[in-house]
Number of protein chains: 2
Amino acid sequence: MPRVTMKDVAQAVGVSVMTVSNAFNRPDQLSTPLRERILQRASAMGYGGPNAAARHLRAGRTHCYGVVLSESLGYAFNDPYSVLWLAGFSEPLQAAGATMTLLPVPRAPGSDRDVIRRASVDGLAGFCATHAALEAARSCGIPMVLAHTEDADSDWVAIDDFAAGTQLGAHLRRLGHRDVVLLADRAFTAPPGPLDVDGEPFRLALHALARAGLFDIAIRIRGLLHGLGPDCRVRFVGAGANSRDAGRLASGHALEAAERPTAICCISDVLALGVLDALADDGLVPGRDVTVTGFDDLPEAGRSGLTTIRQPIRDKGRLAGELLLDPERTPRQLTLPHQLVVRTSSGPNLT
Amino acid sequence: MPRVTMKDVAQAVGVSVMTVSNAFNRPDQLSTPLRERILQRASAMGYGGPNAAARHLRAGRTHCYGVVLSESLGYAFNDPYSVLWLAGFSEPLQAAGATMTLLPVPRAPGSDRDVIRRASVDGLAGFCATHAALEAARSCGIPMVLAHTEDADSDWVAIDDFAAGTQLGAHLRRLGHRDVVLLADRAFTAPPGPLDVDGEPFRLALHALARAGLFDIAIRIRGLLHGLGPDCRVRFVGAGANSRDAGRLASGHALEAAERPTAICCISDVLALGVLDALADDGLVPGRDVTVTGFDDLPEAGRSGLTTIRQPIRDKGRLAGELLLDPERTPRQLTLPHQLVVRTSSGPNLT
DNA sequence: CATGGTCTCTGTATCGATACAGCCAAGGAT
DNA sequence: ATCCTTGGCTGTATCGATACAGAGACCATG
């Protein structure tokens with residue numbers, strides 16, 4: 001079943017294809033009666049209007065912007081941080097009449113390129129993007145805005161994760177905590193044995209995070225360790241995922257350990273909320289029996305009394321969208337403010 | 001700056017364009033050494049791989065599926081129902097390596113067609129789609145799966161909203177409620193004066209909902225009224241939006257009215273949760289002082305003791321995706337089960 | 001030595017639309 | 001009467017890739 005094209009319409013009306021094209025795109029280029037006749041005939045023939053792919057090829061623009069996700073599509077909708085960021089990102093797009101494509105990049109090596117190439121978009125936001133994705137975008141000439149600090153040639157909208165981590169670590173230190181469990185998600189493979197920040201295992205673990213596109217988390221962890229100080233005992237525990245349930249499960253392990261830590265420091269609020277769930281199950285009081293901290297300051301953190309770092313998630317997304325839509329806008333490397341929010345889940349070390 | 005194309009690569013290597021194309025897409029069609037040479041040269045020249053638009057034009061497939069939203073993009077990420085549905089929808093897409101585009105259709109008349117035409121997608125899901133959007137998709141020959149029951153020629157994944165509404169209405173009736181406020185979102189313009197289900201104002205109000213793409217809500221309201229019975233006094237209150245905050249505000253008005261209703265029946269859980277918030281502010285006990293019902297059974301509804309209708313939101317999305325990916329699959333009109341969940345927010349009318 | 005089959009690679013038409021230059025007729029200025 | 005402008009429309013090249021048919025080269029077989 002051959003689709004009806006502009007050519008068919010042109011033939012039926014008895015005008016040139018160009019005139020039909022103009023009827024749809026540049027009303028000022030032809031007389032109104034003819035335009036009406038063409039549109040009417042087109043609709044009668046079942047012609048739905050200029051073909052998108054052909055138009056994109058010719059015009060080189062799609063009015064569509066992509067978001068690179070190193071996680072699955074489902075993750076984008078399940079994680080509150082992600083949802084907030086995307087909501088912010090969508091604001092300027094909506095205002096500009098643009099659409100938005102979600103590009104989940106499978107973990108298979110090299111697939112970054114394929115997914116990004118297949119996507120016909122005018123620009124990309126690296127919500128959670130690997131270096132390979134950035135390279136792919138560059139090689140295709142697609143502008144890209146990242147969500148973490150990068151080299152001088154890149155555009156980004158981020159916070160100073162090192163400073164934020166340091167601030168949170170220092171808070172715990174001030175409270176007297178010297179035995180801390182650091183709860184990260186599965187991408188961070190805990191190096192076995194005593195912590196050696198300068199050692200190879202630790203370096204590799206951070207590298208794994210970066211490979212998964214979690215640069216900000218890697219930087220955040222460095223900051224945390226810096227703030228906690230060299231004399232603090234830090235044990236790493238990996239959660240199965242970055243979710244509330246995974247946090248609850250992982251925290252169970254940490255608490256059952258022979259030597260219970262005095263504080264559990266989570267790299268995200270969702271993990272921390274899961275830890276609070278686990279504490280509640282065990283009848284432990286956060287901030288008194290165990291100190292718990294998160295990162296992000298989701299709305300739920302406020303309700304749960306979680307000590308955390310507030311970052312302007314929605315603004316991060318919104319500004320990324322604005323930079324993408326307006327290539328002239330400067331500066332193109334934005335570091336937004338963050339803030340330590342102390343609530344009841346953190347308290348002095350009483351042991 | 002002219003982009004580098006396949007032709008350039010072919011020239012540089014000294015082979016035909018077709019061979020370069022094969023090097024990227026059909027490795028079995030040429031010898032490995034030549035393929036390697038081509039890929040290497042291409043990468044050295046800064047060729048990022050086959051252009052997406054051109055490929056789409058030629059192949060007629062994009063591996064991208066669209067979701068039509070009559071609301072803004074932001075809404076898609078803010079409403080829990082929407083987020084759950086999208087998470088379900090994304091599952092099969094992710095498995096098939098496809099991407100997903102969100103198409104917010106502005107309210108301007110006729111813009112449905114434009115947005116849908118501009119989107120180069122292999123299929124559409126009408127999460128919240130108007131008739132105009134469906135027409136546009138049909139005229140472009142794009143397959144579309146709807147989220148509400150439609151005519152026999154359409155594919156859809158929905159629940160029986162009339163039966164569900166009736167069940168909920170009957171529940172309230174059994175509890176003795178005969179003075180009910182029906183809280184819907186702004187798309188439903190409450191007809192003034194006494195309710196006349198067969199009258200023109202009511203018909204127009206339902207029509208407005210349909211125009212906004214909220215067919216399921218319109219059907220649901222009919223069902224509710226049917227279940228409540230003809231002797232039940234029903235007053236309509238429109239919330240400014242379908243959100244928790246809007247529900248809280250709107251419920252304030254309903255409660256301050258001279259004649260307080262014995263039950264507030266909300267067309268969604270988010271609105272109902274907002275009503276519960278308002279009751280808590282006023283020190284009223286849901287189910288005793290005022291009965292409140294929702295619709296959807298979001299996770300939060302369980303925690304808040306909300307009486308509601310459970311529908312398989314995630315499954316609705318997932319199955320819509322599966323139907324879209326597999327045109328052969330039958331049946332293509334799925335009505336999923338729903339269930340009345342009675343919790344503490346509904347109780348007998350004690351007045 | 002002819003025949004047939006594989007394996008590689010090539011040339012051309014095509015997907016559906018748009019940009020650009022240009023053509024013709026009508027009307028106003030000189 | 002001639003020149004020039006303007007409005008309204010047309011023809012063709014082009015965007016960048018892929019499908020398809022087919023051409024040589026090479027080897028095995030009878």
Side-chain angles (χ1 to χ4, degrees), chain A residues 1-39 42 45-63 114 117-120 122 139-142, chain B residues 1-39 41-42 45-63 114 117-122 139-142:
Chain A
M1 38 143 209
R3 256 179 318 187
V4 35
T5 81
M6 240 180 211
K7 204 167 149 186
D8 303 322
V9 177
Q11 235 153 24
V13 181
V15 293
S16 76
V17 253
M18 200 51 230
T19 304
V20 178
S21 172
N22 284 333
F24 278 95
N25 302 311
R26 301 163 51 171
D28 56 314
Q29 295 292 306
L30 73 174
S31 63
T32 313
L34 178 56
R35 181 176 132 89
E36 304 260 298
R37 215 171 81 226
I38 291 175
L39 293 184
M45 294 174 69
Y47 178 70
N51 173 286
R55 163 181 284 196
H56 294 167
L57 173 58
R58 203 51 248 242
R61 304 212 46 204
T62 60
H63 296 282
D114 291 334
R117 268 209 318 261
R118 289 202 101 84
S120 40
D122 293 344
S139 79
C140 297
I142 305 175
Chain B
M1 41 148 206
R3 258 179 315 190
V4 35
T5 80
M6 242 180 209
K7 203 166 150 188
D8 304 323
V9 177
Q11 234 153 24
V13 181
V15 294
S16 76
V17 250
M18 201 51 230
T19 304
V20 179
S21 171
N22 284 333
F24 279 95
N25 302 312
R26 298 163 51 170
D28 56 313
Q29 295 292 305
L30 73 173
S31 64
T32 312
L34 177 56
R35 182 177 131 89
E36 305 259 300
R37 216 172 81 227
I38 291 176
L39 293 184
R41 197 89 179 77
M45 296 175 68
Y47 178 71
N51 172 287
R55 163 181 283 195
H56 294 167
L57 173 59
R58 198 55 246 238
R61 302 211 49 205
T62 60
H63 296 283
D114 291 334
R117 267 208 319 258
R118 289 201 102 84
S120 39
V121 295
D122 293 344
S139 79
C140 297
I142 305 174

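When reading the values below, keep in mind they use all heavy atoms of this one structure, side chains included, and skip hydrogens, waters and symmetry mates. Because the structure is predicted, anything quoted here is derived from the model rather than measured. In what follows, chains carry the letters A, B, and so on, assigned in the order in which the sequence lines appear, proteins first and then strands, with residues in each chain numbered from 1.
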In whole angstrom, give the distance that lies between atom CG of B/Asp8 and atom C1' of D/dC15.
13 Å
When you compare the side chain of B/Leu30 with that of B/Ile38, does any pair of heavy atoms fall below 4.5 Å?
yes
Does any N or O in the side chain of A/His56 come within less than 3.5 Å of the main-chain N or O of B/Arg118, such that one atom is a donor and the other an acceptor?
yes
Given C/dT18, D/dG16, C/dA17, identify the nucleotide with an atom nearest to the side chain of B/Leu57.
D/dG16
Find the distance B/Arg55:CZ to D/dC15:P and express it as a whole number of Å.
19 Å
Would you check if B/Val121 and B/Ile142 make a side-chain contact, meaning some heavy-atom pair closer than 4.5 Å?
yes
Spacing between B/Arg117 atom CZ and C/dA17 atom P, to the nearest angstrom:
10 Å
Could one point to a donor on the side chain of A/Arg58 or the base of D/dT14 with an acceptor on the other under 3.5 Å away?
yes
Yes or no on side-chain contact (heavy atoms from CB on, under 4.5 Å) for A/Leu39 and A/Arg35, after CA distance, side-chain angles and deciding distance?
CA-CA 6 Å; A/Leu39 293 184; A/Arg35 181 176 132 89; 3.8 Å; yes
For B/Asn51 and B/Ala54, the nearest pair of non-hydrogen atoms, with its separation, is OD1-N, 2.8 Å
Donor-acceptor pair, side chain of B/Arg117 and main chain of A/Gly48, under 3.5 angstrom:
yes
Report yes if some heavy atom in the side chain of B/Val13 is under 4.5 Å from a heavy atom in the side chain of B/Val20; otherwise report no.
no
How long is the line joining NZ of A/Lys7 and P of C/dA17, in whole Å?
11 Å
Taking 4.0 Å as the cut-off, does a side-chain nitrogen or oxygen of A/Thr19 come that near to OP1 or OP2 on D/dT10?
yes
Atom NE2 of A/His56 to atom P of D/dG16: distance rounded to whole Å?
15 Å
Rounded distance in Å - CZ (A/Arg35) to P (D/dC9)
12 Å
Distance test, side-chain N/O of A/Ser16 to OP1/OP2 of D/dG11, below 4.0 Å:
no
Can you tell me how far C1' of C/dT18 sits from CE of A/Met6, to the nearest Å?
8 Å
For DNA chain C, which residues of residues 23-34 of chain A approach it to below 4.0 angstrom with any heavy atom?
A/Asn25, A/Arg26
Given C/dG16, C/dT10, D/dC9, identify the nucleotide with an atom nearest to the side chain of A/Ala54.
C/dG16
Nearest of C/dC9, D/dA19, C/dA19 to any side-chain atom of B/Met18?
D/dA19
Atom-to-atom span, CG of B/Asn22 to P of D/dA17 - whole angstrom
13 Å
